[in-house]
Each structure stands twice: as structure tokens, then as C-alpha cells.
> 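Please find one structure pasted underneath; my questions will follow.
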Amino acid sequence: MRYLVLSDIHANLAAFQAVLEDAPPFDKIWCIGDLVGYGPDPSECVALLREYDHDCVAGNHDWATLGRIDTDDFNPDARRALEWTREHLDAAGRAYLEQLPSALHFNDFTIVHGSPRQPIWEYILYAGVAANNFAHLQTPYCLVGHTHTPVIFQEVTHNNGTASVATLSPEYDEPLPLPAVRLIINPGSVGQPRNHDPRASYVIFDADERTILYRRVEYPVEITQQRMYQLGLPMRLAARLSNGW
Ligand code: ZN
């Protein structure tokens with residue numbers, strides 16, 4: 001069984017379609033939240049995900065679209081995009097977001113948008129934050145999104161019984177065998193990458209081979225940007241897609 005692991009699609013249909021075309025054959029999608037917000041095609045992205053066998057958790061932008069989080073907690077551009085999304089997401093998309101859980105557990109994996117400790121809001125940007133979160137993790141592996149940065153945090157247990165966390169930058173196109181130590185895995189973002197690489201980022205988890213594979217794929221950024229300009233979404237949010245930031 002192969003899983004296509006996606007996070008932070010952010011209503012970027014062109015990026016989502018490019019990932020689906022680029023991915024090797026897969027059986028199921030695991031989606032780590034923030035389907036909407038920032039981008040121009042929220043209803044279309046929800047509908048496209050629903051064409052596939054999948055599981056999905058909610059992200060902070062999904063909850064903000066539903067009014068479960070105050071948009072004052074977001075920066076001005078994100079807030080404007082969220083207000084636009086609230087107006088334009090269709091009823092089917094909204095109903096879909098309403099029923100998303102904040103965490104899922106499958107055998108070896110926990111899936112949360114932010115962190116095991118705070119599934120919707122906490123950013124795991126650094127090893128120290130990851131270290132605190134391993135204490136809240138009940139499974140060997142955890143899939144997170146939210147930071148839009150592809151990274152793996154690996155728990156390292158020392159001979160004296162203490163533990164620390166190593167931060168690993170993913171190798172692309174090179175299957176990584178899952179080790180017998182705990183990992184927090186971030187596949188990066190499909191629709192708004194932030195590690196200075198504009199290509200959409202995703203992961204394939206092969207449950208039979210016990211490997212994860214990081215991939216990047218180019219997509220027509222200008223299509224998403226033109227849609228954003230036409231729809232009156234913030235210019236800065238469109239411009240940043242060119243730089244992967
Ligand atoms: Zn996000």
C-alpha cells in the first residue's frame with residue numbers, strides 16, 4: 001500500500017494537479033490540513049481531494065474559514081485571504097471542512113497539522129519544540145505540516161538514557177527506510193512552499209517497503225498568480241509563490 005502524503009495545499013489547484021500527475025502510483029492520500037486559505041481555488045481543491053480515497057485532518061486555515069479561529073490571529077494578508085475564502089468556498093467544501101478531525105492515528109502513524117501537543121496551532125520549527133512533542137506522541141512516527149518546510153526530526157536516545165533530537169534535511173528522490181527510532185516528518189507544502197524553492201513538495205510513504213520518498217515538482221506558478229490577481233487576493237501572497245517563500 002502506497003500513501004501520497006500532502007500538506008498545506010492552500011487552494012492552489014495548479015500545484016495540487018501537478019503533484020497528482022507527478023506522483024508514482026498510490027492507493028490513498030493522507031492530507032495534513034490547510035486545504036484552503038491563501039490560494040484562489042478552495043472549492044476546487046476540496047472537490048479534487050474528494051475524488052480520491054483519502055484521510056484528512058484540519059489545519060488552522062480550515063478552522064479559521066469555518067469561524068472556529070478568530071482571523072485577528074493571522075497577519076493582514078492571511079486575514080484578507082481567509083475572509084475571501086469564507087465568502088467563496090461552496091457549501092459542499094464548507095460541509096467537508098466541518099467534519100475534519102484534528103488528529104488521526106493509523107498503526108505506526110499519528111497525523112496532525114501542527115503538533116501532537118497542539119494539533120491545530122503549534123509550529124514545529126526547531127528541534128527543541130520537536131523534543132517537547134515526542135512526549136505527547138503515542139506512535140513511532142508523526143506526520144505534520146503547518147510550517148511549509150520539508151524536514152525530519154529524529155529522536156536520538158543516548159546510552160545514559162537521555163534523549164535528544166536531530167534535525168534532518170530530506171534527500172529528494174531517494175527512498176529513506178524508516179528507522180527503528182521515532183520521527184516527526186513534515187512533507188513540506190504543496191501550495192505555498194516556504195523553503196526558497198517554488199516547486200510543490202510532497203512525500204510518498206510505501207507501507208510495504210517501509211520507506212518514505214520526498215519529491216518536488218514544478219507547476220505553472222503563473223496560472224495560480226493570475227487567478228489571484230483577477231480575484232483580488234493580496235498581491236504579496238501571489239508574488240511569494242515565485243520565490244518559494
Ligand atoms: Zn499552512
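First listed ligand is number 1; within each ligand, the first listed atom is number 1. This is a predicted model, so every value here is computed, not measured.
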> What is the number of protein N/O/S atoms located under 2.8 Å from the Zn ion (ligand 1)?
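Those protein atoms number 4 in total.
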> Is it true that the side chains of H113 and D34 contain a donor and an acceptor less than 3.5 Å apart?
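Yes, D34 and H113 have a side-chain donor paired with an acceptor closer than 3.5 Å.
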> Using a distance-only test with no angle check, is there a side-chain donor-acceptor pair under 3.5 angstrom linking Y202 and D22?
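Yes.
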> Decide yes or no for P150 and N186: does some side-chain heavy atom of the first lie under 4.5 Å from some side-chain heavy atom of the second?
no
> Is E218 salt-bridged to R199, cutoff N-O under 4.0 Å?
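Salt bridge between E218 and R199, a charged N being under 4.0 Å from a carboxylate O: no.
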> If only side-chain N and O atoms count, and only distance matters, is there a donor-acceptor pair under 3.5 Å linking T110 with T139?
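Yes - a donor-acceptor pair under 3.5 Å links their side chains.
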> For the residue pair Q225 / R227, report whether a side-chain donor-acceptor contact shorter than 3.5 Å exists.
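Not at all, the side chains of R227 and Q225 share no donor-acceptor pair under 3.5 Å.
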